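These numbers were taken from a predicted model, which means no experiment stands behind them. Throughout, numbering of the chain's residues begins at 1 and tracks the sequence.
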Amino acid sequence: MSEEQTVSLVDVLEEDEELEEEASAVLAGSDSDHCSYPQGYVKRQALYACSTCTPKGGEAAGVCLACSYKCHEGHDLFELYTKRNFRCDCGNRKFTDLQCKLHPEKEEVNSLNEYSQNFFGVYCTCSRPYPDPDDQVQDEMIQCVACEDWLHGRHLGCVVPDCVELQEMTCESCMNKNPFLWTYAAHLSVAGAAVQVKEEREADESNTNLPHKEEQGEEAEPSCKRSREEAEPSCRLKELQAIGQQRVQSGAVFWPSGWRSKLCFCTTCKERLAAAGSSFLLDESDTVLTYENKGKSSDKRAPGRDPLMSALDQLNHVQQLEIIHGYNDMKTELKDFLQRFAEDGKVVTPDDIRLFFEQQSRKRRRDDAGGFFPT
């Protein structure tokens, strides 16, 4: 007889802990009880768009996590994941029939907020909803670090690398809006993700500086001019351009961890990024990964052995199997319960979860007639 494959309850609970950690990564970095408006343009936070209050054809608007719970319960919401430098719009001029319950004193409009098609529930270059009921292709969505739109992997125009969750992506449109990024891409992007990479000429990477004009046989510059240039930090971008390594300027670009620290921080490059509205690229704390790690850290349990895990160790195999079956039944029912909210585009509130477990408790009492598992 072949040995039946079994999964322990510890394995099941650890899997659920991973799912809870993913949720904490996005939501724990945001306040679920207080409107974020008083904080101004928050560096990064979880956001939602309410199609009930701001339907397509109207003005785009975004609301914070707390307002999605307190002010838009039962409404049709689009989950926007996270956005940078955004101030909550809930109850301002864009919401003609709604006043914010948490912070009603708001200016008419947040002029520095940036909006995209995402606020109307469509994504990618194909401008389709997610999930898309008409799309039969199983494909992951990846967020562009610049425009923060979400794109299907098959619409990026490049090969999606492994460990993509640890990397940042810049879509082709944003690369073309910031053409100097192509120079960085030729040297810093993730290997194998590009459509094509080529070197126009070989260069000694140990010496990336341009040769002095004296070495080229040209007349030396006045010493006063050289001293002024030496006071300024060298331009990393110009050094990379001098190497001559290039890549085909097509498709999205994937960047490895820590790539932002390798960009040029000279005055000219900072001004260039500021003019393009891309100064955030020089800020490593701007990344979604940093935000997620902050959320995970704030939601970590106190160190030590989980009491539930310790209790399970005291049960025999039959008792553990009984608990596993009961747990799996509850897990299936909870999934079906939450699926209804997902299909209706509604936010799940703490009261909804409380009601679910109260119903489970009443059902358990009916089914077991007061029985308990032996210990």
key: Salt bridge present between Arg154 and Asp135 (N-O < 4.0 angstrom)   = yes
message = Within the supplied structure, the quantity of interest is the number of heavy atoms (other residues, nucleotides, ligands) at a distance under 6.0 Å from Glu108 CD; does it exceed 12?
response = no
ask   = What orientation do His155 and His152 show, parallel under 30°, tilted 30 to 60°, or perpendicular over 60°?
value = perpendicular
query = Is the count of non-hydrogen atoms from other residues, nucleotides or ligands lying under 6.0 Å from Glu107 atom CD greater than 12?
reply = no
key: Cluster link Tyr81 to Leu47, ILVMFWY, side chain under 4.5 Å   = yes
request  = Quick one: closest heavy-atom pair of Ala146 and Thr170, and the distance?
outcome  = CB-CG2, 4.4 Å
query = Is the backbone N or O of Asp162 less than 3.5 Å from a side-chain atom of Gln167, with the two atoms forming a donor-acceptor pair by type?
reply = yes
ask   = After noting the C-alpha distance and the side-chain angles of Glu284 and Ser261, does the key distance pass the side chain to side chain contact (heavy atoms under 4.5 Å, CB included) rule?
value = CA-CA 7 Å; Glu284 292 190 80; Ser261 64; 3.4 Å; yes
request  = Run the numbers on Lys238 and Thr268 for side chain to side chain donor-acceptor pair (under 3.5 Å), then give the verdict.
outcome  = CA-CA 11 Å; Lys238 289 183 178 180; Thr268 301; over 6 Å; no
request  = Working to the nearest 0.5 Å, report the span between SG of Cys88 and NE2 of His103.
outcome  = 9.5 Å
ask   = Does Lys106 reach the side chain of Cys35, with side-chain heavy atoms less than 4.5 Å apart?
value = yes
request  = Kindly give the heavy-atom pair with the smallest separation between Pro133 and Gln136, and that separation in Å.
outcome  = O-NE2, 3.7 Å
Arg236 CZ to Cys269 SG distance, which is reported to the nearest 0.5 Å = 11.0 Å
Side chain to side chain contact (heavy atoms under 4.5 Å, CB included) partner of Arg44, chosen from Glu292, Lys83, Arg84 = Arg84
task = Treat each ILVMFWY residue as a node, draw an edge where side-chain heavy atoms are under 4.5 Å apart, and state whether Leu282 and Val253 are in one component.
result = yes
ask   = If only atom types and distance count, is the side chain of Gln246 paired as donor or acceptor with the main-chain N or O of Gln241 below 3.5 Å?
value = no
request  = To the nearest 0.5 Å, tell me how far Ser279 OG sits from Glu271 CD.
outcome  = 10.5 Å
task = Indicate if Val42 and Leu102 have the same hydrophobic cluster label, given that clusters are the connected sets of ILVMFWY residues with side-chain heavy-atom separations under 4.5 angstrom.
result = no
ask   = Which pair of heavy atoms, one from Val160 and one from Glu140, lies closest together, and at what distance?
value = CG1-OE2, 3.6 Å
task = Look at atom CG of Asp33 and say whether more than 12 heavy atoms of other residues, nucleotides or ligands are closer to it than 6.0 Å.
result = yes
note = Interatomic distance, OG1@Thr183 vs CG@Leu263, rounded to 0.5 Å, equals 11.5 Å
ask   = Where does the angle between the aromatic ring planes of Tyr123 and Tyr130 fall among parallel (under 30°), tilted (30 to 60°) and perpendicular (over 60°)?
value = perpendicular
request  = Decide whether Val288 and Phe86 are clustered together by the hydrophobic rule: side chain heavy atoms of Ile, Leu, Val, Met, Phe, Trp, Tyr closer than 4.5 Å, transitively.
outcome  = yes
ask   = Roughly how far apart are Cys50 SG and Phe78 CZ, rounded to 0.5 Å?
value = 9.0 Å
remark   = The complete set of salt bridge (Lys or Arg N to Asp or Glu O under 4.0 Å) pairs with one or both residues in residues 260-270, sequence neighbours excluded, reads Glu168-Arg260, Arg260-Asp286
key: Stepwise side chain to side chain contact (heavy atoms under 4.5 Å, CB included) check, Leu151 with Met169   = CA-CA 10 Å; Leu151 290 86; Met169 181 273 291; 4.3 Å; yes
key: Worked check of side chain to side chain donor-acceptor pair (under 3.5 Å) between Thr290 and Asn293   = CA-CA 5 Å; Thr290 299; Asn293 288 336; 5.7 Å; no
remark   = Which of Ile142, Val122, Asn118 passes side chain to side chain contact (heavy atoms under 4.5 Å, CB included) with Asp149? It is Asn118
Within-4.5 Å side-chain heavy-atom neighbours: Phe356 and Leu338 = no
Atom pairs and distances, side-chain donor-acceptor, residues 61-76, under 3.5 Å, sequence neighbours left out:
residue, atom, partner, partner atom, Å
Ser68, OG, Leu65, O, 2.5
His72, ND1, His75, ND1, 3.4

message = Applying side chain to side chain contact (heavy atoms under 4.5 Å, CB included) to Tyr184 and Trp259, what does each step give before you reach the verdict?
response = CA-CA 9 Å; Tyr184 288 119; Trp259 72 280; 5.6 Å; no
message = Within the structure provided, determine whether Ser30 and Ser36 are in side-chain contact (heavy-atom separation under 4.5 Å).
response = no
Closest contact, heavy atoms only, Gln117 versus Cys124 = NE2-O, 2.8 Å
query = So is Lys94 actually on top of Phe119's ring, under 6.0 Å and inside 45° of the axis?
reply = no
key: Evaluation steps, side chain to side chain contact (heavy atoms under 4.5 Å, CB included), between Thr125 and Glu172   = CA-CA 10 Å; Thr125 55; Glu172 181 178 353; over 6 Å; no
query = Going hydrophobic residue to hydrophobic residue with side-chain gaps under 4.5 angstrom, can you get from Trp255 over to Phe280?
reply = yes
inquiry  = Taking Val109's backbone N and O only, do any of them form a donor-acceptor pair with Asn92's side chain (distance below 3.5 Å, no angle check)?
reply    = no
query = Are the side chains of Phe120 and Thr54 in touch, meaning some heavy atoms are under 4.5 Å apart?
reply = no
inquiry  = Could you check whether atom CG of Asp97 has more than 12 heavy atoms from other residues, nucleotides or ligands sitting under 6.0 Å from it?
reply    = no
request  = Please report the closest heavy-atom contact between Arg128 and Asp134, naming both atoms and the distance.
outcome  = NH2-OD2, 3.2 Å
query = CH2 of Trp150 to OG of Ser116: how many Å apart, nearest 0.5 Å?
reply = 12.0 Å
inquiry  = To check you understand the geometry: which heavy-atom pair defines the closest contact between Leu98 and Cys90, and what is its length?
reply    = CD2-SG, 3.8 Å
task = Return yes when atom CD of Glu114 has more than 12 non-hydrogen atoms of other residues, nucleotides or ligands closer than 6.0 Å, and no otherwise.
result = no
ask   = Between Asn178 and Leu181, is there a donor-acceptor pair closer than 3.5 Å when you use the side chain of the first and the backbone of the second?
value = no
query = Tell me, do Cys158 and Phe254 make a side-chain contact under 4.5 Å, heavy atoms counted?
reply = yes
